[in-house]
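Keep in mind the model is a prediction, meaning the values are calculated, not measured. In the text below, chain A, chain B and the rest are named by the order of the sequence lines, each starting its count at 1.
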Number of protein chains: 2
Amino acid sequence: MAKRGEQLVAAASRVIHERGAAATTLALVAAEAKVPLGNVYYYFKTKEELVEAVVRARTAELEAFLAYGSSKATPLERLCAIVDAFRSRADDMVRVGCPFGALASELEKTEGGPSARILFSMQLDWMEGQLRELRVPAARARAVELLAAIQGACLVAHALHDAALFKRRLGDLARDLRRELTTES
Amino acid sequence: MAKRGEQLVAAASRVIHERGAAATTLALVAAEAKVPLGNVYYYFKTKEELVEAVVRARTAELEAFLAYGSSKATPLERLCAIVDAFRSRADDMVRVGCPFGALASELEKTEGGPSARILFSMQLDWMEGQLRELRVPAARARAVELLAAIQGACLVAHALHDAALFKRRLGDLARDLRRELTTES
DNA sequence: GTCTATAAGGCGATAGAC
DNA sequence: GTCTATCGCCTTATAGAC
């Protein structure tokens, strides 16, 4: 049980969420975790290793996030549950960006370093699965459309500091999903 | 005519586009502009001032970009022209991000510094104007939907290093616009 | 106006006492 | 395992010769 290591990863995840990975210094992480700076290097040889650990932690968060969606009864309810779950985090996402999308996009800017694109591919795979179950044609393209709509809304709302814009757009997204995909009985 | 100053802004804009504003150092900009480092400070007192100049340059680029769209005959053609213009820049946008969106979102992460959200509000205003001319209800919300769709597609495609995804999504976006907004005669 | 040299401070990373 | 002290480098910014 590497309790101290987990504390550091949790602290690093918070600081990175607030400031971005590039602007996150190990001194800030150490202060957030209430650990002396030098101690960080006992658990992580480099800053890059710490960022990789944060990516793994975010991946686990996303798994739990999607598992919550999967707990709903129908594919349509599952998709709407995920949209609503993003919507319920609106204030945080608009203030500092999406904990999955902001990290995934930022880390792709540095070629050699760690990647977090799995945070997008996991969501696409999960959404595609739900759409396939609904017999929606071009399920992969529709998954891309939905993920891009969510991420784009977050990006625009974040830059404009407009949480209401994000909530409205995600509400419309869930409404459109229900309209199009509800099986008339 | 501050020729040297314009060279520096152009060089800074290129470096920021490639690496992001935070990772851009004045040494890199000076090298890109083939100017000694110390000389940068004759034209810009601080790095922040240089970034502000880059934002103004991008704003002018966006104005020209939207003016090109405005040159088309009908509002529908104008909207599609902008979508197509983004699409024609796909390789660059997928490799390093949107020159407008990436800058706008990154600069909002640092509170005290310069802002580039005008790059989003200009696009929203322009799109809203076209949609209004087409008598589309909830024109502002539809403008947000379109801008978010473009920016989200760029973000996802960038993180996944998948230019084809971006081109497909923007092609679908233009097709959907034509389908919904074409006036049957 | 242009350029060289360098200051001042923050960063990742290490050494070594405890 | 934990912590203090510090190294070496890079960054922004300045001083001052030309």
Side-chain angles (χ1 to χ4, degrees), chain A residues 1-57 103 106-116, chain B residues 1-57 96 102-103 106-116:
Chain A
M1 212 96 58
K3 198 171 149 200
R4 205 69 179 271
E6 290 165 17
Q7 277 176 24
L8 280 167
V9 174
S13 186
R14 286 194 297 273
V15 177
I16 286 176
H17 184 48
E18 295 283 331
R19 320 190 30 140
T24 293
T25 69
L26 295 179
L28 281 167
V29 173
E32 172 77 19
K34 283 162 190 160
V35 159
L37 171 61
N39 199 333
V40 174
Y41 288 92
Y42 179 77
Y43 293 95
F44 305 95
K45 287 195 188 78
T46 64
K47 180 185 175 182
E48 205 171 283
E49 273 191 23
L50 179 57
V51 173
E52 283 165 9
V54 169
V55 172
R56 284 193 294 275
L103 187 63
E106 185 186 357
L107 291 186
E108 293 310 315
K109 285 234 158 186
T110 37
E111 311 190 0
S115 165
Chain B
M1 210 100 58
K3 200 173 148 197
R4 204 71 179 270
E6 288 165 17
Q7 276 176 23
L8 279 167
V9 174
S13 185
R14 287 194 297 273
V15 178
I16 286 176
H17 184 48
E18 294 284 331
R19 321 190 27 140
T24 294
T25 69
L26 296 179
L28 282 167
V29 172
E32 173 77 20
K34 283 160 190 162
V35 160
L37 170 61
N39 200 333
V40 176
Y41 288 92
Y42 179 77
Y43 293 95
F44 305 96
K45 288 195 188 76
T46 63
K47 180 184 174 182
E48 205 171 284
E49 273 191 22
L50 179 57
V51 173
E52 283 165 10
V54 169
V55 172
R56 282 193 295 274
V96 293
L103 187 63
E106 184 186 356
L107 291 187
E108 292 310 316
K109 284 233 160 187
T110 36
E111 311 189 1
S115 166

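We find that CG of B/Asn39 is positioned 18 Å from P of D/dC18, with the value rounded to whole Å. Spacing between atom CG of B/Leu28 and atom P of D/dT11 amounts to 7 Å, rounded to whole angstrom units. Across the protein-nucleic acid pair, A/Leu37 atom CG and C/dA15 atom C1' stand 14 Å apart, rounded to whole Å. Rounded to whole Å, the distance from OH on B/Tyr41 to P on D/dG16 is 18 Å.
Of the two residues contacting DNA chain C, namely A/Lys45 and B/Tyr43, the nearest-nucleotide position lying further toward the 5' end is that of B/Tyr43.
Proximity of A/Asn39 to A/Arg4: side-chain heavy atoms (C-beta onward) are separated by under 4.5 Å at one or more points. Side-chain contact between A/Leu50 and A/Thr24 is absent, with no heavy-atom pair separated by less than 4.5 Å. B/Tyr43 is not listed as a side-chain neighbour of B/Val9, based on a closest heavy-atom distance of 4.5 Å or more.
Here the closest heavy-atom approach between residue A/Glu49 and residue A/Lys45 is recorded as OE1-N, 3.3 Å.
A sub-4.0 Å separation between OP1 or OP2 of C/dT2 and a side-chain N or O of B/Tyr42 is absent. A close approach under 4.0 Å does not occur between any side-chain nitrogen or oxygen of B/Arg4 and OP1 or OP2 of C/dG1.
Of the residues in residues 15-27 of chain A, not one places a heavy atom less than 4.0 Å from an atom of DNA chain D.
Heavy atoms of B/Phe44 sit nowhere under 4.0 angstrom from any nucleic acid atom.
B/Glu32 places no side-chain N or O within 3.5 Å of a backbone atom of B/Arg14 that could act as its donor or acceptor partner.
Here the options are A/Leu26, A/Leu28, A/Val29, the test is side-chain contact (heavy atoms from CB on, under 4.5 Å), and the partner is A/Leu37; only A/Leu26 passes.
The listed nucleotides are C/dA13, D/dA13, C/dT2; the one nearest the side chain of B/Lys47 is D/dA13.
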